[in-house]
Amino acid sequence: MNGAARATAPAPSLAGRSLVVRLGGLHAVLSWAIVGGGRRSASEVVFCEVRDDELRPPVDPARLLRERLAALAAPSAVGLLTSRAVDTHVVAERELGGAWARCVATVGLGNALRAGDPPGPAARIGTINIVCQVSGALAELALVEAVSIAAEARTAAILEAGVASRRSGERATGTGTDCIVIAAPERDGGSRYAGKHTTLGHVIGASVYDAVRRGAAAWLAEHPAMRPGPPPFTVASTTGENA
């Protein structure tokens, strides 16, 4: 199972300011992506890099993304927006007992927030986009559970990075615009569970944690003013791109 998945899933490829993740065939995909979100079938996911000024009102982000996907001849792809340079993407794989997972992530922390922070506008663009592909088919409820495991893994990595929320100053758990995409082969049936007691849950969580941990470390190396210090945290302002 895992060998077949590896063989049919090519490495992510760069196309200008876009990163194309081909899944190697039709997959059941669950996400809240700005284009192609919800539960659907897809064979590729595309990260599109944008600059801050490209999304200023009255720009419609979904329309902009659809235009970018059409220009890439990928109108049916699940589409993600990121201000993080797509060539900084991180790939992490895990395999155990015939189960395999691959996480492709871009990690920008310019909009770092903590779950439960008061609502409000983003200080600047900055997001964590995650695509986690698994080798085995997942039933509907397992797709949902897989999203939960991926979210926990992302949060664990960001908490350990120690980045401060731009709103509360507490340890951030992610950003205000994160997106998670889970993709599993489109087949009838499939595993009903993908939690922490399962092999699939293990490879999902481990691959996402590793990718986000490495991505956060790279972002912090580029933004030394945002490196964590002793509590209470202080939030420094940042300028420029790759948030």
With a 4.5 Å heavy-atom cut-off, do I182 and V29 have their side chains touching? no
Between V203 and A101 the two heavy atoms that sit nearest each other are O-CB, 3.5 Å
Between the CG atom in L81 and the OG1 atom in T127, the distance rounded to the nearest 0.5 Å is 9.5 Å
dist L200:CG -> S135:OG (nearest 0.5 Å) comes out at 6.0 Å
Are any of the side-chain nitrogens in E222 or R84 under 4.0 Å away from the carboxylate oxygens of its partner? yes
Partner of H27 under side chain to side chain donor-acceptor pair (under 3.5 Å), picked from Q133, R187, E186, is Q133
(message) Please check this pair: side chain of D178 against backbone of I128, looking for a donor-acceptor N/O pair closer than 3.5 Å.
(response) yes
Residue set satisfying side-chain contact (heavy atoms from CB on, under 4.5 Å) with V91, at least two apart, ordered chain then number -> P12, H89, R102, V104
Distance col, row W32:CH2 vs I180:CD1, nearest 0.5 angstrom, shows 4.0 Å
key: Pair V46-V78, side chain to side chain contact (heavy atoms under 4.5 Å, CB included): steps then yes or no   = CA-CA 6 Å; V46 178; V78 173; over 6 Å; no
Side chain of S207, backbone of I204: donor and acceptor closer than 3.5 Å?
-> yes
Okay, side chain of S191, backbone of Y193: is any donor-acceptor separation there less than 3.5 Å?
no
- Query: Would you say the side-chain atoms of N129 pair up with the backbone N or O of V107, donor to acceptor, closer than 3.5 Å?
  - Reply: no
* L113 and T175: side chain to side chain contact (heavy atoms under 4.5 Å, CB included), yes or no, with the steps? -> CA-CA 5 Å; L113 293 173; T175 83; 6.0 Å; no
- prompt: Would you say R94's side chain and H202's backbone share a donor-acceptor pair under 3.5 angstrom?
  reply: no
Notebook entry, point to check: So, does R39 use its side chain to make a donor-acceptor pair with the main chain of L143 at under 3.5 Å?
Noted result: no
- Task: Apply side chain to side chain contact (heavy atoms under 4.5 Å, CB included) to V45 and L19, showing your working.
- Result: CA-CA 8 Å; V45 182; L19 175 69; over 6 Å; no
CD of E145 to CG of L138, rounded to nearest 0.5 Å, is 9.5 Å
When rounded to the nearest 0.5 Å, the distance separating CG of L23 from OG of S41 is 11.0 Å
Look at atom CZ of R192 and say whether more than 12 heavy atoms of other residues, nucleotides or ligands are closer to it than 6.0 Å.
no
Worksheet item: With the 4.5 Å side-chain cut-off for hydrophobic clustering, are V131 and V90 part of the same group?
Response: no
Note to self: Is there a side-chain contact between L109 and I158 in this structure, where contact means two heavy atoms from C-beta onward sitting under 4.5 Å apart?
What the structure shows: yes
Between the CD1 atom in I130 and the CZ atom in F47, the distance rounded to the nearest 0.5 Å is 8.5 Å
The side-chain contact (heavy atoms from CB on, under 4.5 Å) partners of E160 (sequence neighbours excluded) come to Y209
Taking 4.0 angstrom as the limit, do R213 and D210 come out as a salt bridge?
-> yes
Here the pair of heavy atoms bringing R66 nearest to V35 is CG-CG2, 3.8 Å
**Request:** Please assess R68 against S18 for the test side chain to side chain contact (heavy atoms under 4.5 Å, CB included), listing each intermediate value before the final yes or no.
**Result:** CA-CA 9 Å; R68 291 277 296 273; S18 295; 3.5 Å; yes
- Message: Any heavy-atom pair between the side chains of L159 and R114 that's under 4.5 Å?
- Response: yes
- Would you say the side chain of E54 lies within less than 4.5 Å of the side chain of P61, judging by non-hydrogen atoms? no
